[in-house]
Amino acid sequence: MYPLLNRIENPEDVKKLTVRELEQLASELRHFIIDTVSQNGGHLAPNLGTVELTLALYSVFDFPADKLVWDVGHQAYSHKILTGRRDAFSTLRKKGGITGFPNRFESAYDAFGVGHASTSISAALGMALARDAKGEKNQVIAVIGDGALTGGESFEALNNAGDLGTKLIVILNDNEMSIDANVGAMSEYLSRIRIAPQYARAKRDMGSLLMSIPHIGDKVYKTASHLKDGVRSVLVPGSLFEEMGFHYIGPLDGHNIALMEEVFKSAKEMEGPVLIHIHTVKGKGYQPAEQAPEKFHGVGCFDPSTGKSAKKAGCAPSYTSVFSQALIELAKDRPDILAITAAMPSGTGLKAFGKAYPKRFFDVGIAEEHAMTLAAGMAAGGMHPVIALYSTFAQRAYDQLIHDVCLQNLPVTLCLDRAGLVGEDGPTHHGVFDLSYLRQMPNMCVMAPKDEEELRHMLATAIAIPGPAAVRYPRGAGLGVELTDSFEKLSVGKAEVLQEGGSIAFLAVGTMVEQVKEAAAILAEEGIESTVVNMRFIKPLDTALIDAMAKTKKLIITAEENVLAGGFGSAVAEYLADSGQQVPLVRFGIPDRFIEQGTRKELLSLCGLQPEQMAECVRERLSHLAPEA
Ligand SMILES: Cc1ncc(C[n+]2csc(CCOP(=O)(O)OP(=O)(O)O)c2C)c(N)n1
Ligand SMILES: CC(=O)[C@@H](O)[C@H](O)COP(=O)(O)O
Ligand SMILES: [Mg+2]
C-alpha cells in the first residue's frame with residue numbers, strides 16, 4: 001500500500017530519494033493522511049495542501065538542528081509522519097495519542113507548540129536570535145498560511161525581523177483560504193500578486209520596445225522605469241515584504257518539489273530575512289476537499305470514497321446553530337445589532353447571519369484583538385455589536401475587553417462558542433478560562449445556559465443589557481430540548497431552582513446543570529435528597545439564593561466546566577467568606593493543569609465531572625461531616 005512511505009523511518013531517508021521518488025512519496029502520504037483522517041477526524045484540506053512543501057523542506061534542511069515552526073500547526077501531519085510518527089499516526093487526536101498540532105513534548109522535531117494562529121514568525125525570530133546569541137548557524141524556518149498572515153502578531157514579527165536583519169526564512173503558504181475564503185486587504189494584495197505574471201511580461205515587452213527606439217530609447221526607458229516603480233509597488237510581487245526588509249522570492253508553485261528544493265537551497269545561502277511565497281491548493285489531490293476546502297478544513301469521520309460525513313443522523317441542533325438562528329431573529333427588530341467574527345464565520349454560525357444581513361456582518365480575519373476594539377467602536381458609535389468568538393481565541397482580546405469595552409461600559413455582547421472542553425483539539429483549544437477572566441472585569445455580566453433553549457433567552461437578555469455581557473456555550477449538539485420561537489428576558493443575577501429538598505444543594509452553571517441533575521438522582525436513590533439550582537449568572541451572582549442555601553444546607557456543591565481557579569465556584573467561595581457564612585463547600589471544575597485531547601466524555605471523566613464521580617465525592621464528603629446536632 002505504501003511501499004516508499006514504509007521505508008521512511010526518519011528524515012534522513014527523505015534526503016536519499018530522487019525527485020520522482022519524492023513525487024511518489026507525496027502520493028502515498030496523501031492517501032495515508034486521507035485514510036487516517038477519515039477514521040479519526042482532523043484537519044484534512046490544510047494537510048493535503050502541504051505535502052510537497054513538507055517533502056521539499058525535509059530534502060533540503062537538516063531538522064531538528066534546523067528549526068521548523070508551523071503556524072497554527074493544523075497542516076503538519078506530513079511533518080509528523082516523516083519524523084518517526086508514521087506508525088503512531090493512527091492514534092492521531094485520540095486520548096494518549098499523537099496530537100493534532102506540533103507539540104514540543106511529543107517530538108524534538110516539533111520546534112514550537114502551536115494551535116492559535118499568527119505566532120510562528122515571532123517564535124521563529126526568537127529562535128533565530130537565540131541561535132545568534134549562542135553563535136550557532138542553524139536555519140530557522142516559519143511556515144505561515146495566508147489566513148494566519150492576517151493576524152496582527154504576524155505583522156509585529158515581520159516588522160521586527162525586517163528591522164533586525166537576522167537570518168530567518170518565512171514560507172508563506174498561500175492557498176487563498178482561511179477556514180472560509182480569506183478576507184482583508186492583505187489577502188487582496190496576495191491575490192493581485194497571483195495575476196502579477198502578466199505585469200512582469202508587460203514590463204519586459206515595454207522595456208525591449210523602448211530600448212529599440214534609436215537615440216532616445218534608453219532615455220525614455222529610464223524615465224518610464226521611474227514611472228514603472230509607481231506601478232511596480234502595486235503589481236510587482238512582494239514589494240510590500242521587500243519594503244519591510246525581507247528578500248522576497250515568489251510566487252512559486254508549492255506543489256513543484258524540484259522547484260522548491262532549488263529555491264530553498266538558494267534561500268539557505270542568502271543573508272538576512274527571506275520570505276518565500278508559494279501558491280498551493282487547499283485540499284490538493286482529493287477532489288471533495290479541493291471542491292469544498294471550507295467543509296474539509298476540519299472534519300469528523302467520513303467515507304473516503306465519497307467524502308460523505310459519517311455523522312450520526314438525528315442528533316440535536318448544535319448550540320452554534322441555535323445561536324445563529326436566534327441572532328437572526330433578534331436582529332429583525334434591532335437594526336442596531338451588528339455581528340463580528342474573526343475568520344470563523346462557519347464555526348461561529350455567523351455565516352448565516354451574514355447571508356441574512358450582509359451589510360451588518362463583519363469578518364475581520366484572524367484578528368480577535370482588532371475585532372474586540374472594533375466592537376467597542378461600534379458601540380461607542382451607537383450600535384449594539386454582537387461579537388462571536390471561540391472561547392479559547394477570545395483570550396487574545398483580554399486587554400481590549402477590559403480597556404476598550406468594560407472600562408467604558410459599552411454595550412457589547414460577547415458570544416463565546418466552544419466554551420469548556422472541546423475534545424480532540426486538546427489543550428490549545430479548550431475554552432476553560434473565560435469564566436475566570438470575565439468575572440474579574442467590572443461592568444461585565446456573565447451567563448451560561450443549561451441548554452440550547454435557554455441560550456436563546458440569554459442572548460435576548462444580553463442584547464437588552466446597556467453594557468458588556470457575555471454568554472458562553474459548548475461545542476457540539478444541545479440536549480435535544482424543545483426549542484420555542486419565543487424570547488424571555490431573564491432577570492439579571494437571578495438563579496433558577498430546578499428541584500428543592502434535602503440537606504445539600506448543587507449550584508451549577510451551563511453544561512454542568514445536566515451533570516449535577518444526574519448526580520442528584522444517583523444520590524436520591526440512596527436516600528440523599530438535594531436541591532438543584534441552575535445558577536444561570538456567574539456575574540452578578542444570585543447572592544440571596546446563596547444566603548438561603550448557606551442557612552439551610554449542610555453542604556453546598558458548585559459545578560462548572562471552567563478552571564476552578566477564579567471560576568464560578570471561587571465566586572461562591574469568596575461570597576460565603578466575605579459574608580462570614582461558614583458552610584462546607586465542594587467545588588467541581590477543571591483542575592489546575594492543561595487538559596489533554598480526547599473525547600469529551602473521556603475528558604469529563606479525567607476532570608471528575610461525570611455524575612457518578614460527583615456523587616461519589618459528595619457521598620465521601622458527607623461521611624466526614626459531623627452528624628447533625
Ligand atoms: C487566534 C486564532 N484564531 C482563529 C483560529 C482558527 N483557525 C484555525 S486555522 C484558521 C485558518 C488558517 O488559514 P491559513 O493560515 O491560511 O491556513 P490554511 O488552513 O489555509 O492552510 C483559523 C481561522 C486559530 N487557530 N487561532
Ligand atoms: C485549527 C483550528 O483552530 C480550527 O480549525 C479549529 O480546530 C476548529 O475547531 P472546531 O472543529 O470546533 O470548529
Ligand atoms: Mg490559507
Side-chain angles (χ1 to χ4, degrees), residues 41-51 53-54 70-78 93 99-102 114-121 142-154 171-184 186-187 190-191 254 277-284 289 293-300 318-320 341-349 351 363-372 388-398 417-431 473-477 597 600:
H43 289 94
L44 184 65
N47 282 288
L48 295 177
T50 54
V51 171
L53 165 63
T54 309
W70 294 92
D71 204 291
V72 182
H74 63 316
Q75 76 291 60
Y77 292 176
S78 295
R93 293 163 52 96
T99 60
F101 305 95
V114 281
H116 286 196
S118 317
T119 62
S120 63
I121 305 173
V143 177
I144 186 167
D146 54 311
L149 192 65
T150 62
E153 185 178 341
S154 304
I171 297 173
L172 170 55
N173 174 30
D174 177 4
N175 55 23
E176 292 192 289
M177 290 296 290
S178 188
I179 293 183
D180 300 80
N182 202 1
V183 295
M186 172 49 77
S187 169
L190 296 178
S191 300
H277 182 187
I278 67 172
H279 284 159
T280 59
V281 174
K282 192 163 183 176
K284 176 83 176 175
E294 170 223 320
K295 180 174 164 242
F296 282 86
H297 171 87
V299 291
S318 65
Y319 279 89
T320 305
T341 176
M344 308 289 284
S346 301
T348 59
K351 190 168 192 172
D363 179 355
V364 300
I366 308 180
E368 289 83 1
E369 304 91 324
H370 161 61
M372 195 62 72
L389 302 171
Y390 286 17
S391 165
T392 189
F393 303 142
Q395 292 161 193
R396 283 277 171 92
Y398 176 81
D417 199 333
R418 277 43 174 206
L421 296 164
V422 295
E424 292 78 2
D425 268 348
T428 53
H429 285 64
H430 294 320
Y473 43 93
R475 181 176 196 268
Q597 67 193 25
R600 194 173 133 73

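Whatever order the structure lists ligands and atoms in, that order sets their numbers, starting from 1.
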Engineer: So do I366 and E368 actually touch side chain to side chain, heavy atoms under 4.5 Å?
Structural biologist: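 Yes, close enough: below the 4.5 Å cut-off.
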Engineer: Evaluate the side-chain proximity of R475 to H429: yes if any heavy-atom separation is below 4.5 Å, no if none is.
Structural biologist: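 Result no, sub-4.5 Å side-chain heavy-atom pair not found.
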Engineer: Side chains of T348 and D417 only: does a donor on one sit below 3.5 Å from an acceptor on the other?
Structural biologist: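 Their side chains do not contain a donor-acceptor pair, so the 3.5 Å distance test is not met.
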Engineer: For atom 4 (C) of ligand 2, what's the nearest protein heavy atom and its distance?
Structural biologist: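 For this ligand atom, the closest protein heavy atom is H43 NE2, 3.8 Å.
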Engineer: Output the distance between atom OG (S187) and atom CG (D174), rounded to the nearest 0.5 Å.
Structural biologist: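 If I round to the nearest 0.5 Å, the distance is 7.5 Å.
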Engineer: With a 4.0 Å cut-off on heavy atoms, is H116 touching ligand 2?
Structural biologist: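 Under 4.0 Å: no for H116.
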Engineer: Apply salt bridge (charged side-chain N to carboxylate O under 4.0 Å, His left out) to E294 and list each qualifying residue two or more places apart in sequence or on a separate chain.
Structural biologist: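 If we apply the salt bridge (charged side-chain N to carboxylate O under 4.0 Å, His left out) test to E294, skipping adjacent residues, the hits are K351.
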Engineer: Which residue holds the protein heavy atom closest to atom 3 (O) of ligand 2, what is that atom called, and what is the gap in Å?
Structural biologist: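 Of every protein heavy atom, H429 NE2, 2.7 Å lies nearest to atom 3 (O) of ligand 2.
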Engineer: Considering only the protein, which heavy-atom contact is closest to atom 6 (C) of ligand 2, and what is its distance?
Structural biologist: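 Here the closest protein heavy atom is D425 OD2, 3.4 Å.
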Engineer: Let me know which protein residues bring a heavy atom to under 4.0 Å of ligand 1; chain then number is fine for ordering.
Structural biologist: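 Shell around ligand 1 (4.0 Å, heavy atoms): P46, V72, H74, G115, H116, A117, G145, D146, G147, A148, N175, M177, S178, I179, K282, H297, A343, M344, I366, E368, F393, R396.
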Engineer: Looking only at protein heavy atoms, identify the closest one to atom 13 (O) of ligand 2 and say how far it is in Å.
Structural biologist: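 Looking at atom 13 (O) of ligand 2, the protein heavy atom closest to it is Y390 OH, 2.6 Å.
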Engineer: Determine the sole option in V183, N182, D180 for which the side chain to side chain contact (heavy atoms under 4.5 Å, CB included) test with D363 is passed.
Structural biologist: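 Testing each of V183, N182, D180 against D363, the sole residue satisfying side chain to side chain contact (heavy atoms under 4.5 Å, CB included) is V183.
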Engineer: Which ligand 2 atoms does F393 reach within 4.0 Å, using its non-hydrogen atoms?
Structural biologist: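 Those atoms are 3 (O).
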Engineer: Quick check: H297 and ligand 2, any N/O pair under 3.5 Å apart?
Structural biologist: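 Looking only at distances, the answer is yes, because the N/O contact criterion of under 3.5 Å is met.
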Engineer: Could you grab the protein N, O or S atoms closer than 2.8 Å to the Mg ion (ligand 3) for me?
Structural biologist: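 Atoms qualifying: D146 OD1, N175 OD1, M177 O.
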Engineer: Any side-chain heavy atom of F101 sitting closer than 4.5 Å to one from D425?
Structural biologist: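 Yes; the side chains approach each other to less than 4.5 Å.
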Engineer: In the structure I gave you, are the side-chain heavy atoms of T50 and N173 within less than 4.5 Å of one another anywhere?
Structural biologist: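 Counting from C-beta outward, T50 and N173 do come under 4.5 Å.
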Engineer: Between CD1 of I144 and CD1 of I121, what distance do you get to the nearest 0.5 Å?
Structural biologist: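 If we round to the nearest 0.5 Å, I144:CD1 and I121:CD1 are 4.0 Å apart.
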Engineer: According to the interplanar angle, ranging from 0 to 90°, do the rings of F393 and Y390 count as parallel (below 30°), tilted (30 to 60°) or perpendicular (above 60°)?
Structural biologist: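 Correct class here is parallel.
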Engineer: Would you say L190 and L172 make side-chain contact, with heavy atoms under 4.5 Å?
Structural biologist: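 Answer yes - side chains close enough.
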Engineer: Between V72 and ligand 2, which residue portion shows a heavy-atom distance shorter than 4.0 Å: side chain, backbone, both, or neither?
Structural biologist: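 Under 4.0 Å from ligand 2, V72 contributes side-chain atoms alone.
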Engineer: Can you sort out the partners of H74 under ring pair (Phe, Tyr, Trp, His ring centres under 6.0 Å), two or more places apart, ordered by chain and number?
Structural biologist: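 H74 satisfies ring pair (Phe, Tyr, Trp, His ring centres under 6.0 Å) with H43, H297 once adjacent residues are dropped.
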Engineer: Within a strict 4.5 Å, meaning less than it, do heavy atoms of the I179 and M344 side chains meet?
Structural biologist: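 Result yes, sub-4.5 Å side-chain heavy-atom pair found.
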Engineer: Among all protein heavy atoms in this structure, tell me which lies nearest to atom 12 (O) of ligand 2, with the distance rounded to 0.1 Å.
Structural biologist: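 Closest protein heavy atom to atom 12 (O) of ligand 2: R475 NE, 2.7 Å.
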Engineer: Tell me the protein heavy atom at minimum distance from atom 10 (P) of ligand 2, and give that distance in Å.
Structural biologist: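 Checking every protein heavy atom, the shortest distance to atom 10 (P) of ligand 2 gives R418 NH2, 3.6 Å.
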